[in-house]
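Scroll down for the structure; my scribbles are underneath it.
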Amino acid sequence: MLLYVRSGGGEESGARVFAASAYSLGMTTQSVLSICGFSYDHLCLQPFPISKPSAHGIIPSWCWTRLRCFSESCCGSRRKRKVAPRKRKVAPRKRSRCPAVPAGMEPGQGALAPAGEQQGMMEDGKVHSASGLFAYLEMLEAQAHEAAVKQEEIEQQEEKLAMLKKKVQELRLQRDELRAKVDLQGKGQLGKEGVMLEPAQPSSQAVLEWKIKSVKAMLQIFYLTGISGKLTKRGVCFCISTAYEGTYLDSYYLDLLIKPEVQIYRHSIPVFIPLEQIAKKYLQTDIRRFLSVLSDHLNAYVGRRFQADRLQEQFPEQIEGPLQRNSLCNLLVFKYYVSSKSKTFSLTARLLYGDLCHSLPTEAIVSCTHAPASLAETAAAHSDLFRRMALHKAFRSFSTAPESAEGAA
Amino acid sequence: MDESVAEYIRRTILKIPREEIKTMLQKWGFLSEAQLQTINFHQIKDNISQEVVQLCEENCANIKQAAVLDVIYNHIYPNKRMWSVYQMRKTGEETEFFDLTDFKKKFKKFLRSALNNVTINFREYEDNAIWIRVAWGTPYTKPNQYKTSYVVYHSQTPYVFVSASMLRSNLPLLCQALIFASNYHDIREMELRSHCLNSLKDIVFKRYSQNFQTYCPRPLQERSVAPETDLRIIQQNRSEKERIQRLNQELFGDGPLPKLEFAQYKLETVFKSDPKMGVLDKKEPFRCLVKFSSPHLLESLRSLAPAGMADAPLSPLLTCIPQKARNYFKIRERKSIVPGSFVSP
C-alpha cells in the first residue's frame, strides 16, 4: 500500500491532497492513514474508482481513493491557492515519485504510469522506517495497476467490438435495402430497355387497361349499392339489385324514356309489386324518391320471400302441412309444433305484413286450439318473437331453447 | 260408387301416358301405397284403368275426389288446352292481404248462388298458383265433367289464365266470380292466346329474358363463337351478318323466348295501289287476315333475319308481341293498333 502525500512546503501549507491506493488486503483506508499517522478526522474521503464499476454495481476489488483534506488547521488559509492548479503543478513534479496523482484526474480515468517508475519515497511527512512495507505496497499497487490497465483495455476492446458489430448490422440492413432498390430499378430499367423500340404503345395500353379496371371496379361498386343505371339512346335503364341480410338476391330492371316525359318503357319487375301506383305518385316529380320507394318494396318482398323459403327449408319437421303464402309473401299462415312437458302441441301462426316496405310482420297472431292455458304464454312469447325477428331466426331461437319455453310455461 | 264417377276415372286414366300413371296416382294420394302395389302397370291401359276403378270403388270415391285427379293431369299437361289471358282492374289502392281461404269461400259462394250444379275444385301449387276446376251444369242437369273450365290465378296479380271450355255461355259468370273473389272491379280479355301456359305466364309476368342495357358485372351469356369454320370459306358479308346479329339481339334478347303458336293480324286498311292501276275503285278497307303460325313463333321470327328471309330490323308489329303481351292485332288506317275495350259486366 502506498501513500502519496503531497506537500506544499510544510504542514501548514495549503490543502494537502493525499492519494492513496488501497488494495483489498483487508486494510482499509483508515488503517492506512493511521499507520501514516494522520488523523482521520481531518480527512474527507473522496473515493473515486478508476475503472467503471461493472454492470451490477460492484466496486472492483481495488480502487483508488483520493483523500482530500479540508481541515483548516491542516491546510491553513494562508495561501489561498486553488486546489486544481496545485494539482497540476504537483503532478508532473511528483510523477517520478508519486505516480498515483495524475494531473486533473477525473474520477474514472485512471491512466497511471506503470509501476516501474514509482518509488515509494515520500518527500515530506514523517517517513516511518517501514520502507520495506512501502516497497511491498508499491509492488502490489503496480500489479494492481497493470491488472487494471489490462482489464480496462479488454473492456474497451469489447466495447469497441460491440459497437462495430452494431455498425455492421446497420450497414448490412442498409445494403439489403439498397439491393432491393437496385433490383426494382434494374427491372424497370430492363423493361424500359426491352421495349425501347416502341416506347409509346405499351405504356398507353397499360394506362388504358388500368383505366378500364378502375372503371369496372367503380361500376361494381355502384352495382353493389343496390341501384345502378346506364344511359340508353332514349333514356336510362336502371338496375335494382336486392339483398337480404347479406345475401344478394334478384336484380330487377327498369327501362325509362325521358322524352316527351318520363315514362316506363319496359321493366322486369314482378307484377304484384304496385309499380303503377308508385309511378303515378313519384315518377314525374321526384325520380329519386320513386327509385328509393320501389327499391324498398322490392327489397322487402325478397326479404319476406327469403324468410319464408328458409323456414320451409330448415324446419320441415316442425311445420305441419303446407305453408300458406301468397305472391307478395305478405300473409303467412302455418301450423307448427311446440313441445312442452314432453308433449307436442300444435300452434297456428298467422303473420300479416302490413307494410309492404318492411320485411317484418306488423301483426303476428299465434293461437292454439285445445291446449292448456300454460301454452298461451308461449304463444304470446312466440308472437312477440315473430314481430321482432326474422322468421327463420325466430324459429331457430325457440327450437333450440325449448327449456325457456318450458320455464315460461 | 256412382257409375259416372267410375267412368270418369276410367277415361281420365286412359288419357295419361302409361309410364306416368303410377306417379300421377301417387300424387293423387287417394289410393294407398299397398293398393298401388297390386296394380300391374305394364299391361295395356284398358286393363290398368279397370284395376284402378275397382280399387277406387273399394275406397268409395266421389266425384270431387275424381276431379282432383283431373286437375293433376291438367297441371302436368297444360299444353293440351288452349289458354287465354284475362286482365282484371281495380281502382282502390289499399294493400291487399290475399287470404286463400277467403278467396275460395267467396268464389264458391258466388258460383253456387248463381248455379246450383257446379263442381268446384281448388288446388294450390308452390309457385303461388291456384288451379280452379269448374264443371258446369244447369239447374236441371248434373255438371258435365268432360267440359270443364280451368282457371289459373296467381295471387295478388291482375291476370287470370282461363282455359275456355266449350260452354262459352258460362264465361261471364266465371269472370264475375273471379272479380268478386279477388276484390277487383272489372275484367277484360287480353288479345293473348296460346297453348303453352307457362309461356303466357312468362310474357305477362315479364319473366322472359328481356335485353336490358346495363353495366351488369355478371358474366354475360357465352355467345356462341362462330364454330370452327373451314378456312377455305370466306365470309363476304361479315359486317352485314354482324349487324343483323346485333339488331336481333337488341330486339329479342339472348335467352329463350316464350312459346306462342301464332300471331294474327286483322287488316282493315285501304288497299294502296298505284293510282294508274286503279285495281279497286271503291275506297273500302281491304279486309285481310294475316296469320303467322309456327310451333314456336318468336323463335322463328328471331331466326328470320339471320337466315336471310327478311330484312333486319324486323317490323315492329312482329317484335312487339312479347312486350305488348298480345298476339291478335287489328290494324286500322293511321292508327296502328287498337286495343280491345274493357268489358264491365
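In what follows, chains carry the letters A, B, and so on, assigned in the order in which the sequence lines appear, proteins first and then strands, with residues in each chain numbered from 1.
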Can you tell me if [atom1] on [X] sees more than 12 non-hydrogen neighbours from other groups inside 6.0 Å?
X: B/R243; atom1: CZ; result: yes
X: A/E317; atom1: CD; result: yes
X: A/K335; atom1: NZ; result: no
X: A/D286; atom1: CG; result: yes
X: A/M218; atom1: CE; result: no

What is the minimum heavy-atom distance between [X] and [Y], and which atoms define it?
X: B/T157; Y: A/F272; result: CG2-CD2, 3.9 Å
X: A/H267; Y: B/K206; result: O-CD, 3.1 Å
X: B/T101; Y: A/Q324; result: N-NE2, 4.4 Å

*Below 4.5 Å from any heavy atom of chain A, which atoms of B/D127 appear? Answer side chain, backbone, both or neither.*
neither
*Which bit of B/Y208 is near chain A, if near means a heavy-atom gap under 4.5 Å: side chain, backbone, both or neither?*
neither
*Heavy-atom contact with chain B under 4.5 Å, split by part of A/S268*: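 When you check distances to chain B, atoms from both the backbone and side chain of A/S268 fall under 4.5 Å.
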*Taking only heavy atoms into account, what residues of residues 193-202 of chain B are found under 4.5 Å from chain A?*
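Hits under 4.5 Å: none found.
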_Are A/R325 and B/E124 packed together at the side-chain level, in the sense that at least one heavy-atom pair is separated by less than 4.5 angstrom?_
no
*Side chains of B/Q156 and A/V271 in contact at under 4.5 Å (non-hydrogen atoms)*: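 Heavy-atom side-chain distance check fails, nothing below 4.5 Å.
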*Pairwise distance CZ(A/R305) to CG(B/N128) - rounded to 0.5 angstrom*: 10.0 Å
*Drop me the distance from B/F98's CZ to A/N330's CG, to the nearest 0.5 angstrom.*
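Spacing of CZ (B/F98) from CG (A/N330) equals 11.0 Å.
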*Mind checking ring pair (Phe, Tyr, Trp, His ring centres under 6.0 Å) for A/Y265 and listing every partner two or more places apart, or none if nothing turns up?*
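Not a single residue meets the ring pair (Phe, Tyr, Trp, His ring centres under 6.0 Å) criterion with A/Y265.
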*asked:* Looking only at heavy atoms and a cut-off of under 4.5 Å, which of A/N326, A/L331, A/L352 has the most pairs with chain B?
replied: A/N326
*Short side-chain to backbone donor-acceptor contact, A/S327 and B/S155, under 3.5 Å*: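 Side chain of A/S327 to backbone of B/S155: a pair is present.
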